[in-house]
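Order of appearance sets the numbers: ligands from 1, and atoms from 1 within every ligand. Numbering of residues begins at 1 and proceeds along the displayed sequence. Hydrogens, waters and symmetry mates are skipped; everything else that's a heavy atom, side chains included, is used.
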Amino acid sequence: MIDVLKSKYFNGYRAFKTSQSNATEGFDVKESMAWRYAPQYDPVAKDMNAIPEEVKPWIRGEEFIWEGTAHLPGFKEDVLTYWASCVTLSRKLVQAFALSLGLPEEYFDSKVTYPGADGVFNYYPVNTKEELSDDNVALGSHTDLQLFTLLWQDMTRGLQVLSKEGQWIKAVPIEGTIVVNIGDFMMRLSNDVYKSTVHRVYNRSNVERVSMPFFFGE
Ligand SMILES: O=C(O)CCC(=O)C(=O)O
Ligand SMILES: [Fe+2]
């Protein structure tokens, strides 16, 4: 119902093994649902008649996600409540990043009036024997593209981060916390003061895994 093939902008549901984050590492063993920024749901109320013309082509939320999940009571409301909290927190964090770079607190504010704010739910199933022997990754090595990512993960391990020395380090989940990943755009804007981190998911446990990244940028 909310198949990503219906989307112009990668909103919707992606089935297992249809995406490949790293061409050298096989298909990602996960399914996901994604939805993108839409001003009508922004926690800072927006006048829908006053959206600047140059911004309009970049508004990439699509309503079919919510229409296609309307049979799930409370789903849209709950997801958008969570999403709005991510947007609010990210607008605060962007100010903290500005201060940390020696810039005025509000330096980036005008850039995140209509931000890139993409939510994703990831579901990684328990691997089959075949997948385990394939040396498949669950999600191939990559960097995130935006300013930063707020990443909630459940208590099943699997997330790994590549160190400067080229070693994979486990980002062990800590209850009640989120991981903040630096993205390529932040690295560029900060002249490499902040570095985007290569990471992947390598799930070898006998338990399924769920994660919720939220990608924030311009
Ligand atoms: O599932 C995870 O923990 C990581 C997800 C991720 O890195 C991504 O979607 O970009
Ligand atoms: Fe990522």
Side-chain angles (χ1 to χ4, degrees), residues 2 4 7 9-37 60-61 65 79 82-83 85-87 89-90 93-94 97 115-127 131-132 135-164 166-189 194-218:
I2 59 164
V4 70
S7 171
Y9 304 121
F10 308 108
N11 289 281
Y13 169 79
R14 260 173 211 275
F16 292 111
K17 301 193 187 176
T18 55
S19 61
Q20 191 172 15
S21 297
N22 189 311
T24 65
E25 293 177 335
F27 285 102
D28 301 336
V29 187
K30 68 166 170 106
E31 61 183 327
S32 60
M33 178 194 137
W35 69 100
R36 308 191 66 184
Y37 177 81
R60 304 232 146 148
I65 303 294
V79 172
Y82 149 75
W83 176 84
S85 308
C86 289
V87 173
L89 174 59
S90 295
L93 268 181
V94 109
F97 275 108
D118 305 335
V120 179
F121 293 151
N122 286 321
Y123 171 70
Y124 301 88
V126 176
N127 284 284
E131 283 156 1
L132 287 173
D135 208 33
N136 254 316
V137 286
L139 173 65
S141 320
H142 67 281
T143 53
D144 296 343
L145 304 178
Q146 290 274 27
L147 286 173
F148 52 78
T149 306
L150 308 181
L151 175 61
W152 181 92
Q153 51 175 336
D154 69 13
M155 295 307 284
T156 312
R157 296 163 184 233
L159 179 64
Q160 301 182 335
V161 180
L162 195 62
S163 74
K164 271 209 307 270
Q167 282 204 321
W168 286 106
I169 298 170
K170 292 178 182 153
V172 178
I174 303 169
E175 186 100 56
T177 68
I178 51 174
V179 174
V180 180
N181 268 329
I182 303 291
D184 296 341
F185 188 31
M186 176 65 83
M187 181 160 162
R188 183 69 197 87
L189 281 191
Y194 287 106
K195 296 189 175 32
S196 59
T197 30
V198 177
H199 54 281
R200 68 178 184 185
V201 178
Y202 193 79
N203 183 12
R204 283 296 176 273
S205 70
N206 291 323
V207 194
E208 59 195 12
R209 179 172 183 275
V210 170
S211 73
M212 308 195 295
F214 168 84
F215 304 97
F216 189 77
E218 206 190 342

Check: W35 ring centre within less than 6.0 Å of F121 ring centre: yes
CZ/R157: more than 12 non-hydrogen atoms of other groups inside 6.0 Å: no
Atom CZ of F10: over 12 foreign heavy atoms under 6.0 Å: no
Atom nearest to the Fe ion (ligand 2) - D144, N, O or S atoms considered: OD1
Heavy-atom donor-acceptor pair, D28 side chain to S21 backbone, under 3.5 Å: yes
Proximal heteroatom of H199 relative to the Fe ion (ligand 2) (N/O/S): NE2
Side-chain donor-acceptor pair present, E208, Y124, cut-off under 3.5 Å: no
Sidechain-backbone polar pair: Q153 side chain, I178 backbone, donor-acceptor under 3.5 Å: no
Within the protein, flag every N or O under 3.5 Å from an N or O of ligand 1, and note the pair and distance.
from: ligand 1; atom 1: 1 (O); to: Y124; atom 2: OH; distance (Å): 2.6
from: ligand 1; atom 1: 1 (O); to: R209; atom 2: NH1; distance (Å): 3.0
from: ligand 1; atom 1: 1 (O); to: S211; atom 2: OG; distance (Å): 2.6
from: ligand 1; atom 1: 3 (O); to: R209; atom 2: NH1; distance (Å): 3.3
from: ligand 1; atom 1: 3 (O); to: R209; atom 2: NH2; distance (Å): 2.8
from: ligand 1; atom 1: 7 (O); to: H142; atom 2: NE2; distance (Å): 3.3
from: ligand 1; atom 1: 7 (O); to: H199; atom 2: NE2; distance (Å): 3.0
from: ligand 1; atom 1: 10 (O); to: H142; atom 2: NE2; distance (Å): 3.0
from: ligand 1; atom 1: 10 (O); to: D144; atom 2: OD1; distance (Å): 3.2

Geometric class of the F97/F148 ring pair [parallel <30°, tilted 30-60°, perpendicular >60°]: parallel
